[in-house]
Amino acid sequence: MNDHEHVETLIVGATFTGIGIGACLGENGLIVERTMLPGHEFINSYQPGKGWNIERQQPLAEQLQQQWRSKGLLTKDGKVHLGGIAPTVHKLLLDSKQPIRLMNEIVEVCPNESGGWRVTVFDASGIRTLTAGRIIDTTSDCRSAPGRYQAKAKFIGAALHRTSTEEERKEIPQAWQCAIIPGAYDSEAYLQLPIDMGATWEQARYELFQSWSERPEELKPWTIAAIADAFTYHVSSGHEQIAEGWDWLPSCAYDNPLEAIEAGIRYYEERVVISS
């Protein structure tokens, strides 16, 4: 990234909403992501969401839905195997040649003298700057304006596994402190534990293990296969204007990745195209 590089639209977060916007913008948009994990607000937080089997209207979302069904990653009744979705998202980004930069942290955003925004970014090469005509932040915690918007709830997730070969799944208890959501296969489920908004990763993991040690008898055949490396957030709004030409459109506000992608495409059609 050269000093003073200019992009028409800077998309903060390689989220599903960010991917939807980026697919519309092509080379006119640049996605910057602070992690190495595209789609982390669902995949790496083990947030299975809901409403996966609602038929999608946008071609990209429809294409992904059909692909996931054909690969056995999405069942007829809307259960999902999140681990298998990750490679398909990586391939989508690779095939689209969408400009994307991972491991890029937004340090500062300030108005640019000639219009738009001047953005300071930190990556493996050090601190760099770029200018952007428009900023669309799709992250759960609004990384471009930290602390401006408070999520209404925060969760730590985990993927669960069992080796039991029973023909019928035991009833998973619902009236427990953790939400347990069945996955696409009888051997998998996903856990979401609500935690305090100020909890660190160490505190959240401790609460998770403590809660799991006290789990109901029905869950004793299950083990924790993996713990999320991204928190799940529930937010109050699906869109906020931070300033003229700088919006927050959190992908986590939507029920599932397909809905989040469509939200990004709608945003492009209703706001970006009209304002261009």
Side-chain angles (χ1 to χ4, degrees), residues 13 15-17 35 37-54 68 73-75 77-86 89 138-142 149-162 169-238 250-261 263:
T15 64
F16 281 98
T17 294
T35 73
L37 312 170
H40 57 268
E41 77 281 16
F42 290 100
I43 299 172
N44 298 89
S45 64
Y46 295 124
Q47 163 60 305
K50 59 184 179 180
W52 288 79
N53 271 9
I54 295 174
W68 293 341
L73 304 176
L74 184 61
T75 67
D77 56 351
K79 296 185 179 68
V80 64
H81 176 58
L82 287 172
I85 283 179
V89 176
T138 68
T139 61
S140 302
D141 52 354
C142 195
Y149 300 106
Q150 181 77 6
K152 65 180 181 180
K154 178 178 174 180
F155 302 78
I156 184 171
L160 307 180
H161 173 75
R162 70 172 182 180
R169 181 190 299 273
K170 286 184 179 179
E171 188 70 24
I172 293 179
Q174 298 300 310
W176 187 46
Q177 55 188 313
C178 296
I180 307 292
I181 305 99
Y185 305 108
D186 284 347
S187 60
E188 71 174 347
Y190 301 100
L191 173 154
Q192 288 277 303
L193 173 69
I195 56 174
D196 185 80
M197 286 299 302
T200 64
W201 271 108
E202 292 79 5
Q203 292 167 335
R205 287 170 65 91
Y206 175 82
E207 290 184 31
L208 173 60
F209 285 122
Q210 183 65 32
S211 177
W212 187 247
S213 70
E214 300 168 357
R215 66 190 184 278
E217 189 64 31
E218 296 94 324
L219 286 173
K220 290 300 172 72
W222 294 83
T223 59
I224 293 179
I227 298 175
D229 46 27
F231 287 125
T232 294
Y233 290 95
H234 290 180
V235 295
S236 301
S237 172
S251 187
C252 67
Y254 304 99
D255 284 344
N256 60 69
L258 299 169
E259 183 182 342
I261 283 177

request  = Mind running side chain to side chain contact (heavy atoms under 4.5 Å, CB included) on Phe42 and Ile85 for me, showing each step along the way?
outcome  = CA-CA 10 Å; Phe42 290 100; Ile85 283 179; over 6 Å; no
task = Kindly determine whether Phe209 and Ile224 satisfy side chain to side chain contact (heavy atoms under 4.5 Å, CB included), including the steps that lead there.
result = CA-CA 9 Å; Phe209 285 122; Ile224 293 179; 4.2 Å; yes
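Nearest approach of Pro250 to Gly238, heavy atoms of both residues: CD-O, 3.6 Å. Contact detail for Tyr254 and Ala263: the closest heavy-atom pair is CZ-CB, 3.3 Å. Here the closest heavy-atom approach between residue Lys79 and residue Asp77 is recorded as NZ-OD2, 2.7 Å. Of all heavy-atom pairs spanning Pro38 and Ile43, the tightest one is O-CD1, 4.1 Å. Closest approach of Val80 to Pro48, counting heavy atoms only: CG1-CB, 4.0 Å. Nearest heavy atoms, Ser140 versus Val235: O-CG1, 3.9 Å.
Considering CG of Leu208 and CD of Gln192, their distance stands at 10.0 Å, rounded to 0.5 Å. Summarising the geometry, atom CD1 belonging to Ile181 is positioned 7.5 Å from atom CG belonging to Leu191; distances are rounded to the nearest 0.5 Å. Rounding to the nearest 0.5 angstrom, the gap separating the CG atom in Leu82 from the OH atom in Tyr190 is 4.0 Å. Considering CD of Glu218 and CD1 of Ile180, their distance stands at 11.0 Å, rounded to 0.5 Å.
Side-chain atoms of Ile195 and Phe231, non-hydrogen and from C-beta on, do get closer than 4.5 Å to each other.
A donor-acceptor contact closer than 3.5 angstrom links the side chains of Thr138 and Thr15. Checking Glu214 against Gln210 by side-chain atom types alone, a donor-acceptor pair falls below 3.5 Å.
Pairs of residues two or more places apart, or lying in two chains, that qualify as side-chain hydrogen bond (donor to acceptor under 3.5 Å, both in side chains) and include a residue from residues 41-54 are Glu41-Ser251, Ser45-Thr232.
With Arg162 contributing its side chain and Leu219 its backbone, the two residues share no donor-acceptor pair below 3.5 Å. Between the side chain of Asn256 and the backbone N or O of Gly49, no donor-acceptor pair lies under 3.5 Å.
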Name the atoms and distances for all side-chain donor-acceptor pairs under 3.5 Å in residues 149-161, with sequence neighbours left out.
residue : atom : partner : partner atom : Å
Lys154  : NZ   : Met197  : O            : 3.1
Lys154  : NZ   : Ala199  : O            : 2.9
His161  : ND1  : Ser187  : O            : 3.3

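Taking the six-membered ring where the residue is Trp, Phe16 and Trp68 present perpendicular rings, their angle passing 60° and hence far from 30°.
Annotation: Arg205, atom CZ; neighbour count of heavy atoms from other residues, nucleotides and ligands within 6.0 Å does not exceed 12.
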